[in-house]
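Single-structure report; data block below.
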Amino acid sequence: MHFNILTIFPEMFPGTLSGGVVGRAMEKGVWSFDAINIRDFAINNYGSVDDEQFGGGAGMVMRPDVLGNALDSVKNRGKIIYFSPRGPTLNQHMVRDFASDKNATYTLLCGRYEGIDQRVIDEYDIQELSIGDYILSGGEIAAQVFVDSVVRVMDYVLGGGAEATANESFEIGGLEWPLYTRPSAWRGRNVPEVLLSGHHGNIERWRKQQSDEITKQRRPDLIKEK
Ligand code: SAH
């Protein structure tokens with residue numbers, strides 16, 4: 001899988017993506033990226049990539065001519081995604097979908113300022129994608145969220161660890177059960193007896209019941225969605 005990342009802060013990549021399973025997956029060649037500096041396509045020597053909004057109002061907008069040239073410089077763009085609070089919110093189903101083609105290329109457009117000129121979205125048939133109902137100062141963190149979640153699923157699947165992702169929150173139709181590890185007694189708090197029993201049927205029932213309860217309490221919307 002390959003990601004072309006368009007940003008005015010290319011030095012922010014790979015950033016958090018260099019660690020853990022996702023970083024190792026990059027070393028193994030499961031995924032690669034090019035960070036393309038939008039400023040290389042600026043309209044002047046000052047490196048301007050933005051301008052005032054037509055119609056007035058505070059905040060600058062990224063120019064379509066600059067972004068168009070930056071996008072045209074990428075030979076194989078694949079699906080183009082613009083991170084934006086206006087898009088549908090990324091969820092685990094969408095992550096699985098994006099991860100399903102291990103040879104896919106995604107071009108990720110990181111906005112800054114107030115966002116990008118609408119005509120770029122229309123011209124390139126760009127898909128908008130949000131990572132949640134709050135406003136970030138730029139799309140770079142959203143791009144890292146996207147790459148991390150997609151590569152993680154893909155890497156586990158390729159590496160035969162599919163069970164590890166299958167058991168997680170959202171994958172089980174709800175939230176995860178409480179997790180415990182050694183020591184079995186810590187500061188007077190004991191691990192639930194059933195988990196030490198070795199009885200797989202009982203353990204499975206306990207986990208399912210915990211998961212259902214936590215989901216009902218914290219995220220009833222996940223139950224209704226089913
Ligand atoms: N004026 C915009 C917000 C701009 S924030 C609005 O009201 O919708 C600047 C940039 O940060 C955006 O262009 C986008 O790329 C990124 N961004 C901000 N919040 C985001 C979110 N919730 N999900 C994905 N990207 C986001």
Side-chain angles (χ1 to χ4, degrees), residues 1-43 46-50 60-64 66-92 94-117 120-121 124 126-132 134-159:
M1 188 169 284
H2 184 74
F3 302 94
N4 303 301
I5 303 165
L6 276 71
T7 169
I8 59 170
F9 297 114
E11 69 277 9
M12 290 183 178
F13 294 89
T16 63
L17 301 170
S18 64
V21 288
V22 173
R24 272 200 300 282
M26 179 166 63
E27 282 162 18
K28 282 190 287 182
V30 172
W31 70 282
S32 56
F33 78 98
D34 286 311
I36 293 122
N37 190 349
I38 295 171
R39 284 212 196 280
D40 290 347
F41 304 88
I43 51 158
Y46 301 112
S48 303
V49 298
D50 58 314
M60 305 297 270
V61 176
M62 296 180 94
R63 292 174 58 116
V66 173
L67 291 175
N69 288 340
L71 282 167
D72 289 348
S73 77
V74 179
K75 279 196 202 78
N76 176 19
R77 285 190 289 265
K79 193 190 274 277
I80 309 175
I81 294 165
Y82 166 53
F83 295 103
S84 154
R86 297 195 316 186
T89 308
L90 184 67
N91 62 37
Q92 194 65 13
M94 293 157 76
V95 166
R96 281 218 172 265
D97 218 42
F98 285 120
S100 63
D101 177 5
K102 67 182 171 59
N103 295 314
T105 293
Y106 296 108
T107 294
L108 310 180
L109 187 46
C110 305
R112 281 273 156 178
Y113 317 108
E114 285 310 312
I116 71 174
D117 190 293
V120 179
I121 298 172
Y124 290 89
I126 292 176
Q127 177 182 348
E128 292 181 68
L129 196 62
S130 169
I131 64 159
Y134 41 79
I135 309 293
L136 301 164
S137 53
E140 288 76 13
I141 290 173
Q144 294 192 14
V145 166
F146 181 84
V147 174
D148 185 287
S149 59
V150 170
V151 168
R152 183 172 178 283
V153 159
M154 192 177 55
D155 186 55
Y156 269 118
V157 171
L158 292 177

**Asked** Under the side chain to side chain donor-acceptor pair (under 3.5 Å) rule, what pairs show up with a residue in residues 1-14, not counting sequence neighbours?
**Response** H2-N4, H2-S32, H2-D34, N4-T107, T7-E140
**Prompt:** Do Q144 side-chain atoms and M12 backbone N/O form a donor-acceptor pair below 3.5 Å?
**Reply:** yes
**Complete:** Sorted by chain and residue number, the salt bridge (Lys or Arg N to Asp or Glu O under 4.0 Å) partners of D50 (sequence neighbours excluded) come out as none
**Asked** Side chains of M62 and I8: does their closest heavy-atom pair fall under 4.5 Å?
**Response** yes
**Request:** State, yes or no, whether a side-chain contact exists between D117 and L67 at a heavy-atom distance under 4.5 Å.
**Result:** no
**Fill in**
Between the OG atom in S149 and the CE atom in M154, the distance rounded to the nearest 0.5 Å is 11.0 Å
**Request:** Return yes when atom OH of Y46 has more than 12 non-hydrogen atoms of other residues, nucleotides or ligands closer than 6.0 Å, and no otherwise.
**Result:** no
**Fill in**
Rounding to 0.5 Å, atoms NZ (K79) and CG (D101) come to a distance of 11.0 Å
**Request:** Look up atom CD1 in I131 and atom OG in S84, then write down how far apart they are to the nearest 0.5 Å.
**Result:** 11.5 Å
**Request:** Could you tell me which residues satisfy side chain to side chain donor-acceptor pair (under 3.5 Å) with N103, sequence neighbours excluded, listed by chain and number?
**Result:** none
**Request:** Kindly write out the residues that satisfy salt bridge (Lys or Arg N to Asp or Glu O under 4.0 Å) with R63, not counting sequence neighbours, or none if the list is empty.
**Result:** D51, D65
**Prompt:** Can you list the residues that meet the salt bridge (Lys or Arg N to Asp or Glu O under 4.0 Å) rule with D72, with sequence neighbours excluded?
**Reply:** R77
**ring pair (Phe, Tyr, Trp, His ring centres under 6.0 Å) partners for F98, two or more places apart** = Y106, F146
**Item:** Value rounded to 0.5 Å, distance of OG in S137 from OH in Y113
**Value:** 11.5 Å
**Asked** Under the 3.5 angstrom rule, does the side chain of Y124 hit a backbone N or O of G68 as a donor-acceptor pair?
**Response** yes
**Spacing of L129 atom CG and I81 atom CD1 [to the nearest 0.5 Å]** = 6.0 Å
**Asked** Got more than 12 heavy atoms from elsewhere within 6.0 Å of CD1, I141?
**Response** no
**Complete:** Rounding to 0.5 Å, atoms CD1 (I80) and CD1 (I126) come to a distance of 5.0 Å
**Request:** Could you check V22 against T16 for side-chain contact (heavy atoms from CB on, under 4.5 Å), going step by step and ending with a plain yes or no?
**Result:** CA-CA 9 Å; V22 173; T16 63; over 6 Å; no
